[in-house]
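We number each residue from 1, following the sequence as shown.
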Amino acid sequence: MFVYRPQDLPQDPIFPADLEKLGYFINEKDQIRKIANPEQEFQFKINRNDRWNDLQRGAMNECIRTVVSSRLRSLGLTTIRLPLTSGPKDPHVPIWVSANLARAARVIVVFGEPIQDLGIWAYRTVGTEGVDAGSAVAFARAVLGLKSAAGFKDADEALLLANTGQLIWHCGSSRAVTHQTWLALSRSSAVDAPLTMTRRNKIPSNQDWQKHVACVFDEILSARGRLVREDAKIDIIGLSEGGLGAMRYLAAEWDAWRPYISAIALPNPLHYTYFDLVKESPAVPSSFISFISSRCRAYVLSDKPVGFPVPGFQEHGCNCYSSGEALHTECIMPKAWRNMLDWLAKMYANPSDGEAHLEFEELDGATSETVAGDGIS
C-alpha cells in the first residue's frame with residue numbers, strides 16, 4: 001500500500017491580502033478592477049482546483065474589509081467588543097458604533113446577514129458597483145449626515161452595526177471570523193480537511209446569531225444612562241436572520257422594550273405571524289403584533305421599483321414593498337437602504353402615526369391594491 005508523506009502532498013496556496021499584489025486596484029468610480037485590464041472585474045475562477053479559487057477570494061475579501069474598516073473609522077465609528085467584559089485576546093465579537101452613541105436621541109441598529117462580514121452588505125455589489133455601495137460606508141455616511149467625523153459627535157442620530165456573521169473565534173489570530181473565512185484559513189496541505197472546531201472557538205453569549213442579537217440588546221441597548229441615553233429611541237434594520245433574531249427577541253421581551261422601539265425595517269423578512277409572533281390580537285394597541293402591523297415594513301425580492309407595494313402582509317404581519325432587487329437577497333440592502341432611512345425618519349418624527357394596511361385582490365388576473373385605515377405610505 002502506498003503511503004503519502006507530508007512532503008508528497010500539494011502545499012496549500014498562499015495569496016497575500018494586498019490588492020496590488022493580487023493584481024487589482026480601486027478605480028475612480030470606487031470599483032475594484034484588474035491592473036492588467038482596467039475593464040475587468042474580480043476573476044474568481046483562476047484554477048481548476050477550488051481551493052485556489054477560494055483562497056484567492058478570501059484574500060480579496062480581506063482587502064475589501066480593510067478598506068471598509070478604514071473608511072468607517074474615518075467617519076468616526078469605532079469597534080467595541082462583546083461580551084463587554086472580554087479583553088483583546090479573549091474570545092469576542094467586534095461591532096461598529098458611532099462616537100455619539102451615548103448622547104444621541106435616536107439610535108439606528110443594523111442586524112446583518114450571518115453569511116456576511118461586519119460592515120459588508122454584499123461582496124458581489126462591491127465588485128460591480130463599488131466599495132461604498134456594497135458595504136455600510138455609504139449607509140453610515142447618510143445616517144451620520146456628514147462626509148467626515150468632524151462635528152458629528154453630538155448629532156441626534158447614532159449608528160450601531162451588529163455582527164451576526166463573525167461568530168467563530170480563531171485562536172491562532174485572536175479574531176472572530178465567518179464560516180467562509182474559517183474555511184479559507186491555512187491548512188497543512190491543499191488536500192487537508194478544514195480545521196476542526198471545538199468549544200474554544202465559541203464566543204460567550206454569542207454562540208449563534210440569535211444569541212448575538214440578544215447580547216446587543218442586553219449589553220448595549222439596555223445600558224440606558226450609560227451606553228445609550230435614558231430616553232433614546234431605537235430604529236431597527238434587520239436583514240434576513242438578523243431581522244428574524246430581532247423579531248423573536250422583541251416578541252418575547254416586548255413589555256420591556258415597547259417604550260423604546262420607534263420602527264423596524266426588514267430586508268428579506270424571515271419571520272411569520274403564525275410562528276414567530278406572540279398570539280395577540282392586533283386590536284390591542286400595546287401588543288407586539290399591533291406594533292408590527294403599523295410601525296414595521298418589509299422589503300422583498302421584486303423587479304418592481306423600490307418602495308412599490310407588493311403582497312405579503314398575511315405572512316409577515318406588516319406591509320411589504322419591493323426592494324428593487326429581483327435575484328439576490330444580499331443585494332436588497334444596497335438597493336433599498338435609502339428608502340428605508342426615509343421611512344424610518346418619518347416614523348421617528350411622527351410617533352403616533354403608522355402604516356396603512358395594504359390589501360391585495362386578484363381581479364381578472366391582475367393584482368389590485370386597496371388601503372385599509374389611515375397611515376403613512
Side-chain angles (χ1 to χ4, degrees), residues 30-32 61 64-65 67-69 71-72 75 77 95-98 107-145 157-166 178 180 209 212-213 216 234-247 263-271 296-308 310 312 316 318-345 347:
D30 203 32
Q31 301 165 323
I32 295 175
N61 288 354
I64 294 170
R65 291 194 295 271
V67 173
V68 169
S69 295
R71 294 182 183 184
L72 290 175
L75 293 174
L77 276 76
I95 64 173
W96 285 109
V97 298
S98 57
V107 181
I108 297 177
V109 181
V110 182
F111 294 105
E113 291 186 275
I115 62 170
Q116 300 294 353
D117 284 290
L118 178 61
I120 303 294
W121 304 142
Y123 283 112
R124 72 172 72 238
T125 304
V126 170
T128 58
E129 298 182 30
V131 177
D132 283 6
S135 72
V137 175
F139 172 84
R141 189 178 292 118
V143 169
L144 301 176
E157 294 180 0
L159 176 62
L160 185 157
L161 299 175
N163 190 355
T164 58
Q166 296 174 329
T178 62
Q180 184 180 82
W209 49 265
H212 174 68
V213 169
V216 170
I234 299 168
D235 284 330
I236 294 172
I237 298 178
L239 290 65
S240 299
E241 289 90 348
L244 177 59
M247 296 292 277
I264 301 174
L266 299 170
N268 188 37
L270 296 183
H271 74 282
C296 176
R297 60 163 51 183
Y299 291 80
V300 301
L301 290 175
S302 172
D303 58 2
K304 302 292 185 183
V306 177
F308 190 89
V310 295
H316 303 297
C318 62
N319 288 340
C320 294
Y321 298 87
S322 170
S323 64
E325 167 61 35
L327 297 176
H328 306 289
T329 58
E330 64 181 7
C331 297
I332 289 178
M333 193 66 177
K335 291 284 182 66
W337 64 257
R338 292 171 182 82
N339 191 281
M340 296 177 204
L341 288 184
D342 287 344
W343 176 76
L344 289 171
M347 294 292 100

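Scanning both residues, Ser322 and Val310, for their nearest heavy atoms gives N-CG2, 4.0 Å. Minimum heavy-atom separation, Cys331 to Ala122: SG-CB, 4.3 Å. Scanning all heavy atoms of the two residues, the minimum distance from Leu159 to Ala140 falls at CD2-CB, 3.6 Å. Nearest heavy atoms, Cys296 versus Leu266: SG-CD1, 3.7 Å. Contact record, Pro334 with Ala133: CB-O, 3.7 Å, taken as the closest heavy-atom pair. Minimum heavy-atom separation, Ile236 to Ala246: CG2-CB, 4.3 Å.
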Leu239/Ile332 under side-chain contact (heavy atoms from CB on, under 4.5 Å): CA gap, chis, key distance, verdict:
CA-CA 9 Å; Leu239 290 65; Ile332 289 178; over 6 Å; no
_Evaluate Val67 against Val137 for side-chain contact (heavy atoms from CB on, under 4.5 Å), listing each step before the verdict._
CA-CA 10 Å; Val67 173; Val137 175; over 6 Å; no
- Task: Assess whether side-chain contact (heavy atoms from CB on, under 4.5 Å) is satisfied between Thr164 and Glu241, documenting all intermediate values.
- Result: CA-CA 8 Å; Thr164 58; Glu241 289 90 348; over 6 Å; no
Run Leu75 and Trp96 through side-chain contact (heavy atoms from CB on, under 4.5 Å) and show every step you take.
CA-CA 11 Å; Leu75 293 174; Trp96 285 109; over 6 Å; no
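Ring geometry, His316 versus His271: the interplanar angle falls from 30° to 60°, so the pair is classed tilted.
Under the 3.5 Å distance criterion, the side-chain polar atoms of Asn163 are matched with a main-chain donor or acceptor of Gln166. Looking only at distances, a side-chain donor or acceptor of Asp30 sits under 3.5 Å from a matching main-chain atom of Val131. With Ser323 contributing its side chain and Val300 its backbone, the two residues share a donor-acceptor pair below 3.5 Å. For Thr178 (side chain) and Ile115 (main-chain N/O), no donor-acceptor pair under 3.5 Å exists by modelled atom type. Checking side-chain atoms of Glu113 against main-chain N and O of Gln116 turns up no donor-acceptor pair under 3.5 Å.
Put simply, the side chain of Val68 does not reach to within 4.5 Å of the side chain of Val126, judged on heavy atoms. Annotation: side chain of Met333 is in contact with side chain of Met340 (closest heavy-atom distance under 4.5 Å). Taking 4.5 Å as the limit, every side-chain heavy atom of Val110 sits out of range of all side-chain heavy atoms of Trp337. Side-chain contact between Ile264 and Met247: present, with at least one pair of heavy atoms (C-beta onward) separated by less than 4.5 Å. Using a 4.5 Å heavy-atom cutoff, the side chains of His212 and Ile95 are in contact. You'll find the side chain of Arg338 stays beyond 4.5 Å of the side chain of Val306, heavy atoms only.
Taken to the nearest 0.5 Å, the CD1 atom of Ile234 stands 11.5 Å off from the CD1 atom of Ile108. Of the inter-residue distances, the one linking Asn61 atom CG with Gln180 atom CD reads 5.5 Å to the nearest 0.5 angstrom. In this structure, CG in Leu160 is found 7.0 Å from CZ in Phe111, a value given to the nearest 0.5 Å. Of the inter-residue distances, the one linking Leu244 atom CG with Trp209 atom CH2 reads 4.0 Å to the nearest 0.5 angstrom. Between atom CG of residue Leu301 and atom CG of residue Asn268 there is a gap of 6.0 Å, rounded to the nearest 0.5 Å. Note that the OG1 atom of Thr128 and the OH atom of Tyr123 stand 14.5 Å from one another [nearest 0.5 Å].
Side chains of Asn339 and Tyr299: a donor on one and an acceptor on the other come within 3.5 Å.
Side-chain rings of Tyr321 and Trp343 stay apart, their centers remaining 6.0 Å or farther from each other.
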